[in-house]
Amino acid sequence: MTEATPLDRMNAEVQLLVRDPQCELCKMHTQAQGKDVCVTASGPARADVMVVTKSPLSAKGRKEMLTYLERAGVDPTDVAFTAAIKCRAWDLDPGKTDLKACRPYLDREVEAIGPKFILALGNEAMFSLVGKSGIMKHRGVVYERGNARVLPTISPSMIYRNPGLKGGFEADLKYFDRMIRGVDGEEEFAYHSVSTLGDVRLFIAALKQAEVMAFDIETNGYDEFAPDAAIVSLAVTLAPNDPGAPPSVWAVPLMHPGSPWRRQWRQVLSKIQPYFNAVPKAIAHNGKFDCRWLRQFGVMRTLTFDTMLAAHTLDENRPKGLKPLAQQLLGVKPWAISTKDLVDTPLGEVLEYNAKDTFYTLGLYRIFKGQFGLPANKRKLRIFTRIMMPCSEIFTEVEREGVWTDTEKMMTHWSIAKRELEAIDAELLTFVPEDKGGHKAVNFNPSNFARWFIFEHLGLPVFARGKDADDGSPGQPSMAEAIMLDLQDKHPHRALELLIERTKWQKYDSAFFSAYAEQVDENDRIHTTFKLTGTVTGRLSSGKPDSDKVTSRKQNRGVNLQQVPRDDFVRGIFGAPPGSSFVEADYSQVELRVAAFIARETTMLHLYATGQDIHTTMAMKMTGKPADRVTKDERKKAKAVNFGFLYGMGVNKFIETAWSNYGVRVTEQESKAFRDAFFTQFPMLLRWHARQRQLVSKYKRVESPLGRVRHLPDVDSPNQGVRSEAERQAINSPVQSFASDMALLSMVRITEEFKRQGMTAHPIGTVHDAINFEIPDEELSVALPIIKNNMENLPLQRMFGVNLDVPIIADLKVGTRWGGATEITPEQIYDWKGLAA
DNA sequence: GTCAACAGCGCG
DNA sequence: AAAGCGCGCTGTTGAC
């Protein structure tokens, strides 16, 4: 032994058998030299346990991993290490081609070492070992590989990026240890199956006593409005009133082929209902889904605590599923159901699965309740109880109600879109030669054919390419609209013009009209799903129905009401049915106002205090024109300047966005001038940027004025680019969070007020800083002032201790259709006489 | 046929 | 060295 390099500790036997120091199979070898080429396994010659990583670990990395394993109970002397990629080359990112190139080495190593248990760390190791991709989905699921069992988990380096994952990682290792020791078999899980009338009586008696319950239902799909929609089973875990006693777990078979109640499931449900509804505290994981279904079948349960919303409020980066959370926080063995279709799964399995869900939900509830009790989490608790939980109730109804759609208009506009598309395609076809350039089919969507057509057949120059391929070859010529516009500008061609025009109609046809037409129900309503945990800033996301049951894209299309084109042609198909009005209430420039408040930007605060328009002010600076001569277009450009530079946009990026978003050519000098103008106008913003950078470097997190937290561990990244990204996020997050919470809170308060007054007016959704309502015409005179008042005068001081000293303005539009609504003046709002007046 | 990754584009 | 932020959906492609 001369020197102790990692190479020296390579398994000599395996090395001799497997290693090719001249290997050039993957791209990684180009940056590896000598002993870093084709690094084979290290550790004992034969071992029962093997750890596979993406790249060969250093001695330090192996030691760290052994510590993790030892902590989980694994004997560290029986562990061999190897990697999916054999060469050490830090700057190159291996792709699937590289992984495959290295796979034969890995196969031979596994054969030689003969492990019975393999821990696959990260997506790459998992891919090479079991051919699966998507580590967050497959982690914790055991795969057989010859004589070995493979447990994939996340790579420890992911924990560095996202500390919220640490718990799950450690739980996986503990489970790995149980696997090795052969004690990972089924544990007894006791629950009462409510299968006889006597059971029903016992269950009701238990419900009557209960103070706290966790519940969950299993359904036969994601769409409660489907004609065959049914609840397959209902489970409840009742917390004992005596704290020392174990919870009691109940599962009621409903519409399952094996259920004794399969023909009377609705009667059984309605018999249980009054007692189920009377339990004071009801906990569920993503209970919005369960409540929607229960309401569809007549059970009006309200939630008091949602563990998914709690998890997200406490840590926005954490996985939100019940299973990963239970694994991480309760250390439970993964539980799953064998098939996708619950009615094809034996009843016993369904009930046990359903029962476990509620049992672990109660476990999570106890943990989160404890965490919310900590003084450090006091502000998060307020967000949770005052915004998140009320929103869950509101969106339960919003999703059930849906948005009314003018189906006639929708069908007309859809056929117009299809006709436009056909006409464009027909003309484009005249430019295509007989042989189609050797391509099988003509396809004017961004495709290999379209690229051949533009760049080879028409011979137009390539201005930009997509990302380089895995093997380092240059990416495909870009067909992005901005590039096409640029091309059309310099090399005008009728075909190019048509292709550019086509993009819009293609999108309208496929992404919008066809999806809407498919989703609209017999009452002319489209139901969508709002995810309350869909973003890291607290904004909502909207789209597909949430379901872990239907994964196929075709069967699970969704309508995203937050990306409806701002174009009457599309937006105008949504609205209110006859007799009601569509009201859009928009927070005016709320992010800028909030940024001015947070940054204490005195000029900006003053502009708002005196009722001036910042975008127009910036347009005046940019054009040198007086306010009354600034055009709409110039104001729009100024808006881009304001938002871009506010959040740290650079000079080059501005040139790009000015062109691609606004069709304006800006020189580098002009861009610099705009940026300078912006920060000269609002000098405090730069100091605020600096402050946020300092804060995030110190605490690895930032907080919004209301207390929503964004964790940004990436500020410590060794990569400058990643670090800067985290810093920009630290600047943007508190602003976006605050603005979004204001919209949500105002929606909560407006809805409460509507309810207090016994009105039927209700929200139909939010679009980040706007709330849309459907309001019966006779309620407008009462509803409009409620909306405006609540949005502009939120009791932030009383509820959150925040004195927001910048004027907040809500603009209201009233009409029958979303696109065509008319903006109304405050005078009209407070003295409503109808639109005609 | 399914899956995952990517590009492109819709919204705030 | 280079740098707005936050999302979801569709189509294409290549791998299995």
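In this text the structure is predicted, and so the values were computed from the model without any measurement. In what follows, every chain begins at residue 1, and chains take the letters A, B, ... in the order their sequences are listed.
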K.L.:
Given C:dG11, C:dC16, C:dT13, identify the nucleotide with an atom nearest to the side chain of A:F127.
P.N.:
C:dC16

K.L.:
Does a side-chain N or O of A:N443 approach OP1 or OP2 of C:dG11 to a distance below 4.0 Å, or not?
P.N.:
no

K.L.:
Tell me which nucleotide among B:dC11, C:dG6, C:dG11 gets nearest to the side chain of A:V536.
P.N.:
C:dG6

K.L.:
With sequence neighbours left out, what residues match A:E823 under side chain to side chain contact (heavy atoms under 4.5 Å, CB included)?
P.N.:
A:D811, A:K813

K.L.:
Does OP1 or OP2 of B:dG10 have a side-chain N or O of A:K507 closer than 4.0 Å?
P.N.:
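Answer is no, no contact under 4.0 Å.
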
K.L.:
For the pair made of CD1 in A:I454 and P in B:dA7, what is the distance, rounded to whole Å?
P.N.:
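Value for this atom pair: 17 Å.
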
K.L.:
Applying a 4.0 Å non-hydrogen cut-off, can you work out what A:E591 is touching in the nucleic acid: base, sugar-phosphate, or nothing?
P.N.:
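It contacts nothing in the nucleic acid.
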
K.L.:
With a cut-off of 6.0 Å (strictly less than), are more than 12 heavy atoms of other residues, nucleotides or ligands near CD of A:Q669?
P.N.:
no

K.L.:
Checking A:D315 now: which residues fulfil side chain to side chain donor-acceptor pair (under 3.5 Å) with it, not counting sequence neighbours?
P.N.:
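In terms of side chain to side chain donor-acceptor pair (under 3.5 Å), with neighbours along the sequence ignored, A:D315 is linked to no residue.
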
K.L.:
Is the distance between the ring centroids of A:F678 and A:F674 under 6.0 Å?
P.N.:
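No, the ring centres sit 6.0 Å or more apart.
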
K.L.:
Within the modelled atom types, does a donor on one side and an acceptor on the other bring the side chain of A:R539 and the base of B:dG12 under 3.5 Å apart?
P.N.:
yes

K.L.:
Counting the benzene-type ring for Trp, do A:H615 and A:F643 have ring centres under 6.0 Å apart?
P.N.:
yes

K.L.:
Which residues, if any, of residues 725-742 of chain A bring a heavy atom under 4.0 Å of DNA chain C?
P.N.:
A:E725, A:R728, A:Q729, A:N732, A:Q736

K.L.:
Let's see if you can work this out: which of C:dG6, B:dC9, C:dC16 has an atom nearest to the side-chain heavy atoms of A:T537?
P.N.:
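The closest nucleotide is C:dG6.
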
K.L.:
Under 4.0 Å from OP1 or OP2 of C:dC16: is there any side-chain N or O of A:K100 that close?
P.N.:
yes

K.L.:
Applying a 4.0 Å non-hydrogen cut-off, can you work out what A:G650 is touching in the nucleic acid: base, sugar-phosphate, or nothing?
P.N.:
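Answer is sugar-phosphate: A:G650 comes under 4.0 Å of backbone atoms only.
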
K.L.:
Under 4.0 Å, heavy atoms only, any strand: does A:Q476 hit a base, just the sugar-phosphate, or nothing?
P.N.:
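Here A:Q476 touches no strand at all.
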
K.L.:
Establish, with yes or no, whether the OP1 or OP2 oxygen of C:dG4 is under 4.0 angstrom from a side-chain nitrogen or oxygen of A:R675.
P.N.:
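No, no such contact exists.
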
K.L.:
Quick one: the side chain of A:Q563 and the base of C:dG8, do they pair up donor-acceptor inside 3.5 Å?
P.N.:
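By the distance-only test, yes, there is a pair.
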
K.L.:
Tell me whether the OP1 or OP2 atom of C:dG6 has a side-chain N or O from A:S541 closer than 4.0 Å.
P.N.:
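Negative; the distance criterion is not met.
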
K.L.:
To the nearest 0.5 Å, how far apart are CZ in A:R708 and OG1 in A:T313?
P.N.:
6.0 Å

